[in-house]
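Working notes, beginning with the structure itself.
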Amino acid sequence: MVYDDSSDVPAAPDAPAAPAVHAVHADPAVPVVPVVPVVPAPFPAALKVLVAGGFGVGKTTFVGAVSEIAPLSTEELLTQVSAATDDLTGVEAKTSTTVAMDFGRLTLDERHVLYLFGTPGQERFWFMWDELSRGALGAIVLADTRRLDYSFSAVDFFEQRGIGFVVAVNEFDGSYRYEPEEVRAAIDLRPEVPIVLCDARIASSGIQTLVTLVQHLITAAPAPPTAISE
């Protein structure tokens, strides 16, 4: 005999019915605005350019003219103590000098910002040039036709370190105007290095000098290696 115990187990209560799901219909009169994720803007790349040259050639003026911010300047008054070392021939009206560096900034676009570092001109501060040149994209060597010999050291510095540069002749009031090729011959500059005429006091002139530098750096950059096809 088979024992059937199904009658001893109470029947399970009926489970509650699941709530009805009603379809949600969009109102055709209301436009659907897609949700666009907010992507933070990339941090701009920093491009470093040096503004170099001899004592009193206009480096501080150049940086201040093109900078979009109030430039950082480390100028100090000239004193009798420096009279024996700072030659003021041709710049007798100069009353101050850069003792560390000048600093300015120029935004190129949302992805690139140009940082300008002006070097001190006196020989006793040249030890700072190596530090300031670290990571530099290129340089502008300012020249004064009244004292072209002050440009020799800056030209030699960048040539020896393989840093691309252009020479910008700062046309001071009252100075004699020379053609770029005359300046090239006077400072024995290689033919591939551009020479431009500029006025360090005018922002547009300084910016055009920076454009010339960037174009020169692009032209002088080595071509990428060609892929070898199998």
Side-chain angles (χ1 to χ4, degrees), residues 47-67 71 73 87 90-91 94 97-98 100-104 106 114-172 175-203 205-221:
L47 307 175
K48 182 179 182 180
V49 167
L50 297 189
V51 180
F55 174 63
V57 296
K59 300 180 296 296
T60 300
T61 302
F62 184 98
V63 173
V66 301
S67 177
S73 180
D87 184 7
V91 288
K94 187 173 178 60
T97 182
T98 300
M101 68 175 183
D102 300 307
F103 174 77
L106 181 63
L114 188 66
Y115 293 103
L116 300 171
F117 289 81
T119 63
Q122 299 96 319
E123 185 174 355
R124 64 183 181 276
F125 297 127
W126 284 356
F127 68 92
M128 297 187 61
W129 285 35
D130 274 317
E131 290 295 329
L132 291 175
S133 66
R134 294 182 186 275
L137 179 69
I140 293 171
V141 175
L142 280 177
D144 181 355
T145 57
R146 300 168 299 180
R147 299 175 300 145
L148 277 178
D149 54 321
Y150 277 60
S151 306
F152 296 158
S153 298
V155 169
D156 290 343
F157 178 89
F158 295 114
E159 285 183 342
Q160 292 174 5
R161 287 158 181 79
I163 298 175
F165 68 97
V166 300
V167 173
V169 178
N170 190 10
E171 298 188 313
F172 286 89
S175 62
Y176 186 81
R177 300 293 192 258
Y178 293 92
E179 293 297 325
E181 292 310 309
E182 293 180 286
V183 176
R184 184 185 305 280
I187 62 178
D188 193 24
L189 191 66
R190 299 195 309 267
E192 67 271 16
V193 178
I195 296 180
V196 298
L197 305 178
C198 77
D199 188 330
R201 301 167 297 182
I202 302 176
S205 180
I207 291 173
Q208 184 56 49
T209 301
L210 289 168
V211 170
T212 302
L213 171 63
V214 173
Q215 291 174 339
H216 171 60
L217 295 174
I218 293 174
T219 303

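It should be emphasised that the depicted structure is a prediction, and the values quoted were computed from it without experimental measurement.
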So, does [X] use its side chain to make a donor-acceptor pair with the main chain of [Y] at under 3.5 Å?
{"X": "K59", "Y": "F117", "result": "no"}
{"X": "R201", "Y": "G58", "result": "no"}
{"X": "R147", "Y": "G56", "result": "yes"}

Would you compute the distance between atom [atom1] of [X] and atom [atom2] of [Y] and round it to the nearest 0.5 angstrom?
{"X": "D188", "Y": "F152", "atom1": "CG", "atom2": "CZ", "result": "8.5 Å"}
{"X": "L50", "Y": "F157", "atom1": "CG", "atom2": "CZ", "result": "7.5 Å"}
{"X": "L189", "Y": "I195", "atom1": "CG", "atom2": "CD1", "result": "5.0 Å"}
{"X": "R161", "Y": "R134", "atom1": "CZ", "atom2": "CZ", "result": "10.0 Å"}
{"X": "F62", "Y": "I202", "atom1": "CZ", "atom2": "CD1", "result": "12.0 Å"}
{"X": "C198", "Y": "I207", "atom1": "SG", "atom2": "CD1", "result": "12.5 Å"}

Within the structure provided, determine whether [X] and [Y] are in side-chain contact (heavy-atom separation under 4.5 Å).
{"X": "Y178", "Y": "V169", "result": "no"}
{"X": "T145", "Y": "F172", "result": "no"}
{"X": "T219", "Y": "E192", "result": "no"}
{"X": "V66", "Y": "T209", "result": "no"}
{"X": "F165", "Y": "V155", "result": "yes"}
{"X": "S151", "Y": "V167", "result": "no"}
{"X": "T212", "Y": "Q208", "result": "yes"}
{"X": "N170", "Y": "S175", "result": "no"}

For the residue pair [X] and [Y], what are the closest heavy atoms and their distance?
{"X": "A52", "Y": "W129", "result": "CB-CH2, 4.0 Å"}
{"X": "I140", "Y": "A168", "result": "CG2-CB, 3.9 Å"}
{"X": "L148", "Y": "A143", "result": "CD2-CB, 4.1 Å"}
{"X": "P120", "Y": "L132", "result": "CD-CD1, 4.2 Å"}
{"X": "G104", "Y": "S67", "result": "CA-OG, 3.4 Å"}
{"X": "H216", "Y": "P194", "result": "ND1-CD, 3.5 Å"}

Self-check item: Residues T60 and D102: side-chain donor-acceptor under 3.5 angstrom
Solution: yes
Quiz item: Step by step, would you call V214 with L47 a side chain to side chain contact (heavy atoms under 4.5 Å, CB included)?
Solution: CA-CA 11 Å; V214 173; L47 307 175; over 6 Å; no
Quiz item: Taking the six-membered ring for Trp, are Y115 and F103 parallel (under 30°), tilted (30 to 60°) or perpendicular (over 60°)?
Solution: parallel
Quiz item: Above 12 or not: heavy atoms from other molecules or residues under 6.0 Å from CD of E179?
Solution: no
